[in-house]
Amino acid sequence: MSAVLVKPVLYSYFRSSCSWRVRIALALKGITYDQVPVNLLKDGGQQLTAEFQVVNPMQQVPALKIDGITLSQSLAIIEYLEETRPNPRLLPQDQKKRAQVRMISDHIVSGIQPLQNLAILQRVGEKKLEWAQHYITNGFQALEQILKHTAGRYCVGDEVSMADLCLVPQVYNAERYKVDLAPYPTITRINKALLELEAFQVSHPTKQPDTPAELRA
Ligand SMILES: O=C(O)/C=C\C(=O)CC(=O)CC(=O)O
């Protein structure tokens, strides 16, 4: 059987923002897949097992088995999906807009999320709420300015793009760490518009196979 006919397998954790980005891409592109939940807290973290290290040596989710290869890093996964399953498009045709989509995506996935991820907060210890708030606030102040120039209905113009797949899970983290979103009307408006879309709803942390009963929507 050709590799393309085998269903992709996503290693995911319900409230990992990086996993959610990939779930949105899969949903938007209508790709059916199986999920293997990796609980980042249970038993000291299932991502740290020898078994999972074979899947992703970096011991992080998400990872996607697809077309005979295993990919990690959410943006690399999304770009692969974009190149092999181009409809609907997540990177604009216009080169300047495409660069802006990548800029906003990197702003979040390199400039904000890694500074407040689980491994960092576990090392930070009791100041973790303040730490997460600091880096999300810092990143959102700049992002709000950037979006004033790039946004239409969504982050870049009026088409849903990879930047939007990064934005919504990061706003979810901001809410989780009790960041005041009032100073970011553009971020808040775009987030609200995106959450109306089915792909963002079915992929939501409250609706995953591994979502605990008390957090299910
Ligand atoms: O507290 C937990 O349940 C464990 C881990 C996460 O949610 C995921 C992260 O902290 C990384 C992130 O998405 O930013």
Side-chain angles (χ1 to χ4, degrees), residues 10-27 35-49 51-53 55-64 71-78 104-143 155 162-181 184 187-188 191 194-195 199-217:
L10 178 70
Y11 294 80
S12 170
Y13 177 62
F14 73 103
R15 66 175 162 190
S16 140
S17 63
C18 314
S19 301
W20 190 8
R21 293 173 199 145
V22 174
R23 294 196 303 259
I24 302 166
L26 290 163
Q35 262 200 56
V36 176
V38 179
N39 191 310
L40 302 184
L41 300 178
K42 203 174 161 199
D43 310 323
Q46 293 174 339
Q47 75 281 21
L48 303 177
T49 59
E51 196 189 344
F52 186 71
Q53 199 181 9
V55 177
N56 181 10
M58 195 61 174
Q59 301 180 297
Q60 294 172 333
V61 286
L64 185 70
L71 291 170
S72 59
Q73 297 299 343
S74 60
L75 291 197
I77 295 171
I78 293 165
I104 293 165
S105 302
D106 278 339
H107 181 105
I108 294 169
V109 312
S110 305
I112 304 178
Q113 193 278 336
L115 300 168
Q116 53 91 100
N117 75 8
L118 176 68
I120 296 289
L121 296 184
Q122 281 174 339
R123 291 186 77 94
V124 167
E126 59 186 35
K127 275 190 165 181
K128 75 177 187 178
L129 189 68
E130 186 192 327
W131 179 285
Q133 285 172 347
H134 171 81
Y135 285 106
I136 297 171
T137 300
N138 196 50
F140 274 16
Q141 278 170 359
L143 185 58
C155 285
M162 182 165 75
D164 299 302
L165 280 52
C166 299
L167 183 79
V168 169
Q170 188 59 56
V171 173
Y172 171 85
N173 275 355
E175 287 169 343
R176 189 176 163 193
Y177 295 117
K178 301 180 174 34
V179 171
D180 176 17
L181 292 174
Y184 317 115
I187 292 175
T188 308
N191 182 63
L194 289 162
L195 283 172
F200 288 75
Q201 291 172 6
V202 297
S203 59
H204 196 277
T206 55
K207 294 199 178 107
Q208 298 314 299
D210 58 329
T211 308
E214 68 275 17
L215 298 177
R216 296 195 82 85

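Both counts, for ligands and for their atoms, begin at 1 and track the order of listing. As a basis for the values below, the full set of heavy atoms in this structure was taken, side chains included, without hydrogen atoms, waters or symmetry mates.
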- [ ] Return the protein residues near ligand 1 (heavy atom under 4.0 Å from any of its atoms), ordered by chain and residue number.
- [x]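 Its neighbours under 4.0 Å (heavy atoms only) are Y13, R15, S16, S17, L40, L41, Q113, Q116, L118, N173, R176, given by chain and number.
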- [ ] Please indicate whether Q201 has more than 12 foreign heavy atoms, meaning atoms of other residues, nucleotides or ligands, lying under 6.0 Å from its CD.
- [x]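 Yes, the 6.0 Å shell around CD holds more than 12 heavy atoms from other groups.
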Task: Donor-acceptor contact present, side-chain W20 to main-chain Q170, <3.5 Å - done: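 No.
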Open item on the list: Given 3.5 Å as the limit, does a donor-acceptor pair link the side chain of R21 with the main chain of M162, or not?
Closed with: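 No.
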Task: Approximate separation, where rounding is to 0.5 Å, of Q116 CD and Q113 CD - done: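 Taking CD in Q116 and CD in Q113, the distance rounds to 5.0 Å.
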Open item on the list: If I take atom OG from residue S74 and atom CD1 from residue I108, how far apart are they, to the nearest 0.5 angstrom?
Closed with: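 These two atoms lie 10.5 Å from each other.
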Task: Contact summary for P209 and R216, nearest pair of heavy atoms - done: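 Scanning both residues completely, I find the closest heavy atoms to be O-NH1, 4.2 Å.
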